[in-house]
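In what follows, a single structure is set out as structure tokens and then discussed.
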Amino acid sequence: MKKKLLYALSGAVLSAAVLSGCGKASEETVSDQANPPSQTKTDDTKQDPDREQPTEQESDNAGQEPDNAGQAQDPSASADPAGAGGKITLALPQQENHSWASDAQIMQTELEAKGYTVDVQFAETGRQQAEQIQASVQGKADCIVVAAIDSGQLTDAAEAAKKAKIPIIAYDMLLMDTDAVYYYTAFDKKGTGQLIGRMIAEKAKLEKMADDAYQTIEFFMGSPDDTQAQLVYDGLMEVLQPYLDCGKLVCKTGRTSFADTSIKECSQETAQERCKNYLAGYYADEELDICAAAYDTLAYGCKAALQSGGYIADNWPVISGQGCEIEACRNILDGTQAFSIYQDTSILAKQCAAMTDAAVSGTEQPQVNDTEQSDNHMLQVPAYLCTPTAVDASNLQEALIDSGHYTKEQLDAAE
């Protein structure tokens, strides 16, 4: 018989180990690897001489193989760094999305303060974004920051930038299937998954369970076509797989792989239907203790299914999330969602602006703290990954209201 630990979810306290803001850069910077695309995979057919590092001694060394042949050009080491007065293009998704508009404003302010001219471009489609990038290449931009709408539609435009020796910096979403990307700045997606896993273990008190006790868990992961969702899953399972292996966690459906748990486009409706079917087919005689949801929209679906299944505060499961949407915050406050993961994009935008300045001006090497996680199918893109924050009822006020991300009135007005 299953032996459970009884505890109040509202009494769970966030562990002091939760981090906030941008993670500290490791000692490894681009100065340790002067040509970042040297991380390119060893398939020689994917290395392009158009991006070799230019040298001042080329005329003196005619016919000799340069030391870094096959490596991509490092923009910070170009012969004529643009410095102040250079032209930067920000190619971002639609302006109607408040987050993108806010990020653009922060980056524009930071870069203009350093003397750059900043051209902000918002696009509705991948095709429109590709046209904007092509126009920036023709306009001789010194750097293009891209948050890709559809990587598949940007490869030709990225190739044009590479041939013009204009560095591309990927922002928030990695530009895939091209070796034209010099750097990438984003939140640590694998670290996000690890944080979700640690918070689930904390909220469910897995380490305090008796040796012969266990809790049930089901997984609701992100879209199968999203490489970032795969990273979140990988990080989550690094933390939770040992509990599954030792029997402290039991997944009665047996659906634990990314393929079996991913939900296309993070559909709330699909998550609700899936959770409803799980409850009817596997949990008629035993309660579901944990819904490991990778995003807030998936958490909403789980909540609706559980409510229709008769779950109440006394047996309410631990439900995770990511995004800290207003609805998720309200659910956290009323106890129907245990926590969510907050990614402060103002930190990300400032980091990207600093990386852009360093790459273009050549006054310093752009900081990176990861050279292994950001594989775009052509190369390992040197990246600076920022650290997310876990938010529950104990720190929501400080993290989201006192910081100015939301107002109390906005939370009160949320439906």
Side-chain angles (χ1 to χ4, degrees), residues 9 12 14 18 20 93 97-100 102 172-173 186-200 202-204 217-224 226 228-233 235-236 261-276 288 290-308 311 316-345 348 387-397 399-401 403 405-407 410-415:
L9 293 178
L14 177 66
V18 175
S20 63
N97 184 307
H98 172 74
S99 178
W100 293 120
S102 175
D172 191 53
M173 294 177 290
F187 277 93
D188 184 351
K189 299 304 180 182
K190 189 173 183 180
T192 295
Q194 293 168 339
L195 183 54
I196 293 173
R198 292 197 300 270
M199 288 298 294
I200 287 174
E202 173 83 14
K203 295 296 183 181
I217 186 170
E218 295 296 338
F219 297 88
F220 304 84
M221 296 292 105
S223 191
D226 183 356
Q228 295 184 341
Q230 175 75 61
L231 288 170
V232 172
Y233 167 84
L236 173 73
T261 58
S262 57
I263 295 177
K264 189 171 179 59
E265 297 179 351
C266 294
S267 167
Q268 176 178 336
E269 293 74 19
T270 302
Q272 181 175 344
E273 184 65 21
R274 188 173 292 186
C275 187
K276 179 181 177 181
L288 175 59
I290 302 166
C291 290
Y295 299 92
D296 288 342
T297 53
L298 303 175
Y300 306 153
C302 292
K303 174 183 174 179
L306 290 160
Q307 287 176 326
S308 65
Y311 281 72
W316 193 260
V318 171
I319 302 179
S320 60
Q322 179 189 168
C324 281
E325 298 178 355
I326 286 183
E327 183 178 349
C329 292
R330 194 175 189 187
N331 291 342
I332 289 171
L333 293 175
D334 71 18
T336 54
Q337 185 168 325
F339 65 91
S340 186
I341 305 300
Y342 175 46
Q343 298 174 346
D344 185 350
T345 58
L348 189 64
T387 304
T389 304
V391 174
D392 67 358
S394 72
N395 70 336
L396 190 148
Q397 172 77 34
L400 301 178
I401 299 178
S403 69
H405 185 71
Y406 292 133
T407 66
Q410 283 177 308
L411 290 181
D412 292 342
E415 297 180 358

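Counting begins at 1 with the first residue of the sequence.
Asp172 and Gln228 make their closest contact through O-NE2, 2.7 Å (heavy atoms, listed as atom of the first residue, atom of the second, distance). Of all non-hydrogen atoms in Ile290 and Pro317, the two that sit nearest each other are N-CB, 4.0 Å. Between Pro388 and Phe187, the shortest heavy-atom distance links the atoms N-CD2, 4.0 Å. When all heavy atoms are compared, the tightest approach of Ala305 to Gln272 is CB-O, 3.5 Å. For the residue pair Asn395 and Ala390, the shortest heavy atom distance occurs at ND2-O, 3.0 Å.
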Kindly determine whether Gln337 and Glu327 satisfy side-chain contact (heavy atoms from CB on, under 4.5 Å), including the steps that lead there. CA-CA 10 Å; Gln337 185 168 325; Glu327 183 178 349; over 6 Å; no
Would you sort out whether His405 and Asp344 count as a side-chain contact (heavy atoms from CB on, under 4.5 Å), showing the intermediate values? CA-CA 9 Å; His405 185 71; Asp344 185 350; 5.7 Å; no
Under the criterion side-chain contact (heavy atoms from CB on, under 4.5 Å), I'd like the reasoning laid out for Ile200 against Phe339: C-alpha separation, chi angles, the key distance, then a yes or no. CA-CA 9 Å; Ile200 287 174; Phe339 65 91; 4.0 Å; yes
Show your working on side-chain contact (heavy atoms from CB on, under 4.5 Å) between Leu411 and Leu396 and close with a plain yes or no. CA-CA 11 Å; Leu411 290 181; Leu396 190 148; 3.8 Å; yes
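Side chain of Thr270 to main chain of Ile263: no donor-acceptor pair is present (N/O by atom type, distance under 3.5 Å, no hydrogens or angles). Distance alone, capped at 3.5 Å, is enough to place a donor-acceptor pair between the Tyr311 side chain and the Leu288 backbone. A distance-only check finds no donor-acceptor pair linking the side chain of Asp296 to the backbone of Ile326 [under 3.5 Å]. Judged by distance alone, with hydrogens and angles left aside, the side-chain atoms of Ser223 form no donor-acceptor pair with the main-chain N or O of Asp226 at under 3.5 Å.
Dense packing is recorded around CD of Gln397, with more than 12 heavy atoms of other residues, nucleotides or ligands lying under 6.0 Å away.
Of the inter-residue distances, the one linking Leu400 atom CG with Ser340 atom OG reads 8.5 Å to the nearest 0.5 angstrom. Once rounded to the nearest 0.5 Å, the distance linking CD1 of Ile332 with CD of Glu325 reads 11.0 Å. Here the SG atom belonging to Cys291 is positioned 10.5 Å from the CG atom belonging to Leu298, to the nearest 0.5 angstrom. The structure places CG of Leu195 at 9.5 Å from CD of Gln322, a figure rounded to the nearest 0.5 Å. One distance of note links SG of Cys329 with CD1 of Ile401; it measures 8.0 Å at 0.5 Å rounding. The structure places CG of Leu333 at 10.0 Å from CG of Asp392, a figure rounded to the nearest 0.5 Å.
Inspection of the Asp188 and Gln194 side chains reveals no N or O donor paired with an N or O acceptor under 3.5 Å.
Every residue meeting the salt bridge (charged side-chain N to carboxylate O under 4.0 Å, His left out) condition with Lys190, not counting sequence neighbours, appears here in chain and number order: Glu238. By the side-chain hydrogen bond (donor to acceptor under 3.5 Å, both in side chains) test, Thr192 pairs with Gln343, sequence neighbours left out. Among residues two or more places apart in sequence or in another chain, the ring-ring contact (aromatic ring centres under 6.0 Å, His included) test is passed with Phe220 by Tyr278.
Between Gln307 and Trp316 the shortest side-chain heavy-atom distance falls below 4.5 Å.
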